[in-house]
Each structure stands twice: as C-alpha cells, then as structure tokens.
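Beneath this line is the structure, given in structure tokens, with notes to follow.
Predicted model, so just to flag it, every value in this text is computed and none were measured.
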Amino acid sequence: MNLTNLRKDFPILNEKVNNKPLVYLDNAATTQKPLCVIEAMSNYYLHLNSNVHRGVHTLSQQATTEFEHVRKSVQTFLNSKEQEEIIFTRGTTESINLVASSFSEAFIKEGDEIIVSELEHHSNIVPWQIIAQRKKAILRVIPFNDNGELDLNVYKTLLNEKTKIVSVAHVSNALGTVNPIKEIITLAHNKNIPVLIDGAQGVPHYKIDVQDLDCDFYCFSGHKLYAPMGVGIVYGKRKFLEAMPPYHGGGEMIKEVRFSGTTFNEIPYKFEAGTPSVADVLGLKAAIDYVNSIGFETIQKHEDELMQYTTKKLLEVGDITIYGNAKQKAGSLSFNLNGVHPFDVGTLLDQLGIAIRTGHHCAQPVMQHYDIVGTARVSFAIYTTKEEIDYFIESLKRVKQILL
Amino acid sequence: MTIKEIQDQIIEEFSSFEDWMDKYNYLIELGRDCPIIEEKDKKETNIIKGCQSRVWVSAELIDGKMDIKADSDAVITKGIVTLLLRVFNNQPPQEVYDSELYFIDEIGLSTHLSPTRSNGLVAMVKQIKLYALAFTLKNSAL
C-alpha cells in the first residue's frame, strides 16, 4: 500500500491546525472522507436529487435504483443472506435503539433479562436500560478484567432461561479490546438466545461475515468507515425482523393506512419510516467500494503494525499508563500521563496540530473500573503513518516536560 | 481596580507572550500555584461536571464583595479559573452580574469558553453570575 498516494484521496489531511500540519488521530470518533465519497454525495445533489420510493418520474426512479443498490452493496459487504435484512438508520446509536425498542416489544416481558458488558459504549447501555425500565426487565453485566478482556466464565453463569438477548461490542471504543464475539454468540445460541453485535468499532478494521458469525443483529455507522455522518445499518435476521413491530411510524413503512387500522410494509421498509438521507447512503456505497479496493487484509496489517509501534513508543516515553492490554486490540489505544489530567494532555497536543480524544469516551463504566476520570485516546485509520506517530510521540514528550 | 481594569491588565500581561507555549506555561503555573478551594468544600453540590474536566465553585459575600473559591482537576482549566477569580473576586455582586467577559477572547483562549467545550468553564461563569444575582437581591432586601 502506497500511503503517500492513498493520503491524496483525503483532501482534509492537508489542512493546518494551529499553524501545524494536521495529525488526525481521532479516527475512532469519526474517520475522514475520501474524495470519492464526497463526490458521490455532491453528484447526487447535482444530478440525481429526488425522493426515493415515491415517484413515477425518472429522477425519482433513478434515485431509488441507486439507493437500493447500496442495500445490495451492504448485503455483500456483510455477507448477509438477503438484502431485506439490511435496514438503513442514521447511525449505530439509532440502530441499537431500533432493535432494543422493537425487539423488546415482541420478545421481552417483566422479569426477563438482558445481557450487556462492562466495556460498552453508552449507546449499547442506555437503550437497554430504558427498555429494562419500561418492561421491568433486568440488565445483567459481563465484567472485564484489568487487561480489558471480558470474563467469559461469568458470562456463562449469566446466561439462563430468562435471558432474552445479549448485546456486546465487537471492539471496545475506550480500550480497543477485540471481543471474542464468535464464542459469545455460540454460547448464547446454545441456549437459544439471540445476540446483537455493536459493530461501530469493528467494521472499520475487520471483514464482517454475519453468516459466519451467525449473529442475530449487527449494527454499525457509516462515518467510522470513511462514509458520511448520518447513515448507519442494522443487519437483522429475517425471522426476528419480521416478528418485530415497527420502530417509527410514518411514510414508507406502511402498506395501507385507515383510521380503523394501518397495515405495515414488508421488511426492510417497515423499519424505514420517513425520507432517508439518500446522499449519505450513496456516500456509504462509495466508502465500501473504496475500502474494498484497499482490502481488509491490507488495512488490518497496517493498523496492527501501528498499534504495536505506538504501544512500544508510548511506553518508552515513560510515566505512561496504558489502559487495556487485551491479547487482541484494534483501532484505539487509551493512555494517561501519570498524575496528569487527560484534558491537559489533549489541549497541549492540539496546540501542536494533533487531534486526539480525551475524556470518558462515552464509556463511563470503563473509567469507573479503573477509577479514573478519563483517558487520552489515539485511534488509527488506513491513512495514519508511522511518521505521524513519531511526531505524536515527540510532541507527547514535550507535553510531558511542560506538565510533569 | 474595576472588573474592566483587571481584564485589561490580564490582556496586557498576555501580550508579552511570544507563542502558545509561553501562554500555556503561564496558565499551568497559575493552575499549580494557586491554592483555591479546600478539600472539604469539594463536595458534590459545588461541582460542575463537564465532559472533559470538572470544576468546583462556591461563593460568599464578605463586606459586600464577592468571595469566590473554585478549583478544577485539570491544571489548564484551573489556570483559567484562577484568571476568572482574579477578575471577579473582591467586586460588588452587582458589578459581577453586569460584567462582560472579553479578556478570554482577547488572550486567545476563547475555545476554552465556547459553549461546545465541555470543560465546565461556561457553566462556572453562569454559576458565578447566579451567585452574584442572589447576593445583589439579598443586599437590596437588607
């Protein structure tokens, strides 16, 4: 992979921040967009803009055809059995809320149990807490050890006849831990319990095969995969999607509306009320094509090298604590300069043109586990270079001098 | 000195700094040196929670003047807090309530006080103004 050429695909990487070349290491929050994605979106508004699924006129039909091509493209990307199992949302958060709400209407009653893990993003905790409250169900939590790995022995004891769904992250956004999701799914399936995988941090780094994983739901956001903000996906097995009631009511999701009663459309339309963000959806296809043209093997190899390199260099800086030392990590690396607030580290690095994330990363239970207020987090993408890491490390040494 | 005079003085001080490094070094020094709030006052009711850093603030009226104590767990935030206290402390509450803060902008730290920056500083200023309003009302009732 020629990184110099590849970086030319991302115009924003030439920006200057505080008079320094931008070093963007906040990719777990959102990735930058290649030109082909930006062009796919502007091309839609320049030549194709029209509402989908409604019109008899040519433009609307063309827009609809393009829109449905993306569904097909996502189906191939995730290797789902049917394209009807792909639902467009605004992002992972909406995806999980959709499943939590609709699944629980059909399958969760008082006294039932829902399992999440201690290392989840708030987006995979709060929707379930709301459901638990609404349905008088109970939320059970798989703990993790200090390395940031889930305790599967405890998990096994949590699975019982009252458990109605398990919902865990593929990859932790705060610690970078790659969870053994296949094992988690198999253990749940042995007791006929469906599993949702929060793939927000998984999709950018790994080739996903939902049939091979046999997960029942897989949710992700486009914008962490080089696609625009405003588009996300729920993959769900047909049998569940069909049994679940709609999430939002409105246009597109109905078959017939009478005041005496409304009949709902088939999947996936049943879950897609209202006008979707068509330009963003088309941008998602461009992003998927882009990522496929590079190939996940290349992406994974590059990012694994960056993870190892950065970890080693970071420890050499001294007075550094790395949070999460799981055997398998991807994307994100969390650390603190000992005795220093991560906000101070982030503020000074920003002055040097480096964008990192600081704080609790919307995973407060993870911070509570380590009894810290937050961490500084660097996260990688396909365009991240070793030179950028070197600059980050040199800058961190300067910051350390100022703050320690 | 009036609130305006103190702000102008701070702007003057900051104008001598050559680059961001000097500026932040100064803020960090301020944040380090200043003993601001006592541990016993760092209670839950005084805390302003930002996403990034936390700020504690409490205020009293002593001889008709504001006596504010504040603190933060991040040293840069604490440095800025120290500047804010220098502006507001020992001033009549009415003046504090009516004051317009312009020095933060002028010394190039406005990003720290923008509403999207969740470091607790915006909420802290709001809280100080609320204290000032309460003291003003109390004064006029006497």
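The environment of CD in A:Gln133 is sparse: at most 12 heavy-atom neighbours from other residues, nucleotides or ligands sit within 6.0 Å. Summarising the local packing, OH of A:Tyr323 is surrounded by more than 12 heavy atoms from other residues, nucleotides or ligands at distances under 6.0 Å. The local environment of NZ in A:Lys20 is crowded, with over 12 non-hydrogen atoms from other residues, nucleotides or ligands closer than 6.0 Å. More than 12 heavy atoms of other residues, nucleotides or ligands sit less than 6.0 Å from atom CD of B:Glu13. Within a 6.0 Å sphere centred on CD of A:Glu316, other residues, nucleotides and ligands contribute more than 12 heavy atoms. Other residues, nucleotides and ligands contribute only 12 or fewer heavy atoms inside 6.0 Å of the CZ atom of A:Arg90.
Between A:Leu404 and B:Arg32, the closest heavy-atom pair is N-NH2, 4.1 Å.
Between the CD1 atom of A:Ile402 and the CG atom of B:Asn25 there is a distance of 5.0 Å, given to the nearest 0.5 Å. Here the straight-line distance linking atom CG of A:Leu348 with atom CD1 of B:Ile76 works out to 4.0 Å at 0.5 Å rounding. Separating the CZ atom in A:Phe343 from the OG1 atom in B:Thr77 is a distance of 3.5 Å, to the nearest 0.5 Å. For the atom pair OH of B:Tyr24 and CG of A:Asp344, the computed distance is 10.0 Å after rounding to the nearest 0.5 Å.
Under the 4.5 Å side-chain criterion, counting only non-hydrogen atoms from C-beta, B:Trp20 is not in contact with A:Asn18. For the pair A:Arg398/B:Met21, a side-chain contact is recorded, criterion being any heavy-atom separation below 4.5 Å from C-beta on. A:Val373 has its side chain within reach of B:Arg54: a pair of non-hydrogen atoms, C-beta onward, lies under 4.5 Å apart.
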